[in-house]
Amino acid sequence: MRITERDRRMLAFAAEHRFVLADQVAMLLAISTRAATDRLRVLRDAGYLTAGDLFNDEPSHYQVTPPGRRAISSDLPRPRKLDPSLYRHDVGMAWLAVAAERGMFGPLAQIVSERRMRSQDGRADDGQAPFGVRLGAAGRDGRPRLHYPDLVLVTDTGHRVAFELELTLKEPRRRERILAAYAANKRIDAVVYLVDHPARRRAMQDSVRRVGIADRVRVELVTLGRRPESPAPGRRAAQRSAGRGAPTTGAAR
């Protein structure tokens, strides 16, 4: 089978995430959902992707296979098996990456997925600064305990903005330890927490104030949907983050 440049983009996108949906691929490539679905099925039939249906009311999802990764010379590991409890989160993060690819957050130099961060840190030489933020002292094995953002966007001016999709609120001590780790990390210029419920937003904002990192962290409501409608709020957010270190985001769909 001949792999086209569009196929490569589909496979590369799938490799960066635990799984992808046809709607996401369609938005990424600016094609119809039907065209995306047809080509994803061709790649599935060729062994480059697997397809499955986790829930009856959700669309089919696609995961990259070892032959698919080899076809694009990807250095990322095989995606882990789907966890139903993380399904909405994984869908949301792939949508956020699509929005970034399509320019919702303004000019970007790099879009770094969580899978990319973990893989790169796992292969990094000792002494190289990790993508993960350090959570206090090292563990019993001597290795630093790290927390990974869901996504990091590097702006065209070199600023790093970490995104966290918080659909299940962590207990206060844990989330404030993560916020303290961000406060101590000079490689992250701003952090955007996206939550889907006003109560979670209030709880996160309270933690941000207690840790004293309100100048670098914003907490915004997000509506999870199938296809982002308007790029305007997100574009303003990333542009402001580079200048002030604290993005102001609107609802991401």
Side-chain angles (χ1 to χ4, degrees), residues 17 85-100 102-106 108 111-114 117 131-136 145-155 157 159-226 228-253:
H17 301 281
S85 68
L86 298 177
Y87 179 84
R88 288 184 68 244
H89 181 273
D90 290 341
V91 168
M93 288 316 306
W95 271 125
L96 188 63
V98 170
R102 292 301 304 273
M104 178 174 279
F105 303 102
L108 298 174
I111 301 170
V112 192
S113 67
E114 181 193 357
M117 286 183 260
F131 274 101
V133 293
R134 294 178 182 269
L135 294 172
R145 291 177 295 173
L146 301 175
H147 168 78
Y148 287 89
D150 291 314
L151 193 73
V152 168
L153 305 184
V154 184
T155 70
T157 56
H159 294 82
R160 292 190 176 201
V161 183
F163 280 78
E164 299 267 8
L165 183 58
E166 199 83 353
L167 301 182
T168 303
L169 199 62
K170 301 176 180 67
E171 56 92 16
R173 182 175 179 181
R174 182 182 175 194
R175 66 175 180 257
E176 288 169 18
R177 184 172 63 173
I178 292 171
L179 289 169
Y182 276 125
N185 190 296
K186 304 305 180 184
R187 301 175 73 235
I188 300 293
D189 297 287
V191 185
V192 181
Y193 273 87
L194 301 176
V195 298
D196 64 345
H197 194 280
R200 294 192 185 99
R201 185 185 187 190
R202 290 191 295 271
M204 279 301 311
Q205 289 173 327
D206 288 345
S207 288
V208 168
R209 284 191 289 269
R210 282 195 292 270
V211 174
I213 192 176
D215 60 328
R216 290 175 60 192
V217 177
R218 291 301 295 262
V219 186
E220 299 294 344
L221 286 172
V222 63
T223 301
L224 296 180
R226 290 281 176 91
E229 299 294 338
S230 171
R235 181 180 295 120
R236 291 195 296 268
Q239 289 171 343
R240 291 174 185 173
S241 72
R244 297 205 299 259
T248 302
T249 64
R253 294 181 62 85

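Just so you know, these numbers use all the heavy atoms, side chains as well, and skip hydrogens, waters and symmetry mates. Starting from 1, each residue takes its place in the sequence as its number.
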TODO: Could you tell me whether the side chain of Tyr182 reaches within less than 4.5 Å of the side chain of His147, counting heavy atoms only?
DONE: yes

Open item on the list: Keeping Arg201 on the side-chain end and Val219 on the backbone end, is there a donor-acceptor pair under 3.5 Å?
Closed with: yes

TODO: Mind checking the CZ-CZ spacing from Arg187 to Phe131? Nearest 0.5 Å is all I need.
DONE: 6.5 Å

Task: Exam field: side chain Arg216 to backbone Ile188, donor-acceptor pair closer than 3.5 Å - done: yes

- [ ] Kindly compute the distance separating CG (Leu135) from CG (Leu146), expressed to the nearest 0.5 Å.
- [x] 7.0 Å

TODO: Please name the pair of heavy atoms, one in Glu164 and one in Tyr148, separated by the smallest distance, quoted to 0.1 Å.
DONE: OE2-O, 4.2 Å

Open item on the list: Evaluate Phe105 against Val192 for side chain to side chain contact (heavy atoms under 4.5 Å, CB included), listing each step before the verdict.
Closed with: CA-CA 12 Å; Phe105 303 102; Val192 181; over 6 Å; no

- [ ] First locate atom NZ of Lys170, then atom CD1 of Ile178, and finally report the distance between them rounded to the nearest 0.5 Å.
- [x] 4.5 Å

- [ ] Might you confirm whether atom CZ of Arg174 has over 12 heavy atoms from other residues, nucleotides or ligands at distances under 6.0 Å?
- [x] no

Open item on the list: So does Arg160 get a backbone contact from the side chain of Asp189, meaning a donor-acceptor N/O pair under 3.5 Å?
Closed with: yes

- [ ] Show the numbers, then the answer: is there a side chain to side chain contact (heavy atoms under 4.5 Å, CB included) between Leu194 and Leu96?
- [x] CA-CA 10 Å; Leu194 301 176; Leu96 188 63; 4.3 Å; yes

TODO: Could you go through the side chain to side chain contact (heavy atoms under 4.5 Å, CB included) check for Met204 and Leu169 one step at a time?
DONE: CA-CA 8 Å; Met204 279 301 311; Leu169 199 62; 3.7 Å; yes

Open item on the list: Using 0.5 Å steps for rounding, measure from the CG atom of Leu151 to the CE atom of Met117.
Closed with: 6.0 Å

- [ ] For residues His17 and Asp90, determine if any side-chain heavy atom of one lies less than 4.5 Å from a side-chain heavy atom of the other.
- [x] no

Open item on the list: Taking Leu165's backbone N and O only, do any of them form a donor-acceptor pair with His89's side chain (distance below 3.5 Å, no angle check)?
Closed with: yes

TODO: Test Val161 against Val152 for side chain to side chain contact (heavy atoms under 4.5 Å, CB included), laying out the working first.
DONE: CA-CA 6 Å; Val161 183; Val152 168; over 6 Å; no

Open item on the list: To the closest 0.5 Å, what do you measure between CG (Asp150) and CE (Met93)?
Closed with: 4.5 Å

Task: Close side-chain approach of Arg173 and Arg177, heavy atoms under 4.5 Å - done: no

TODO: Quick one: pull up CD in Glu220 and CD in Gln205 and give me the separation to the nearest 0.5 Å.
DONE: 7.5 Å

Task: Test salt bridge (charged side-chain N to carboxylate O under 4.0 Å, His left out) applied to Glu176 and Arg210, step by step - done: CA-CA 8 Å; Glu176 288 169 18; Arg210 282 195 292 270; 2.5 Å; yes

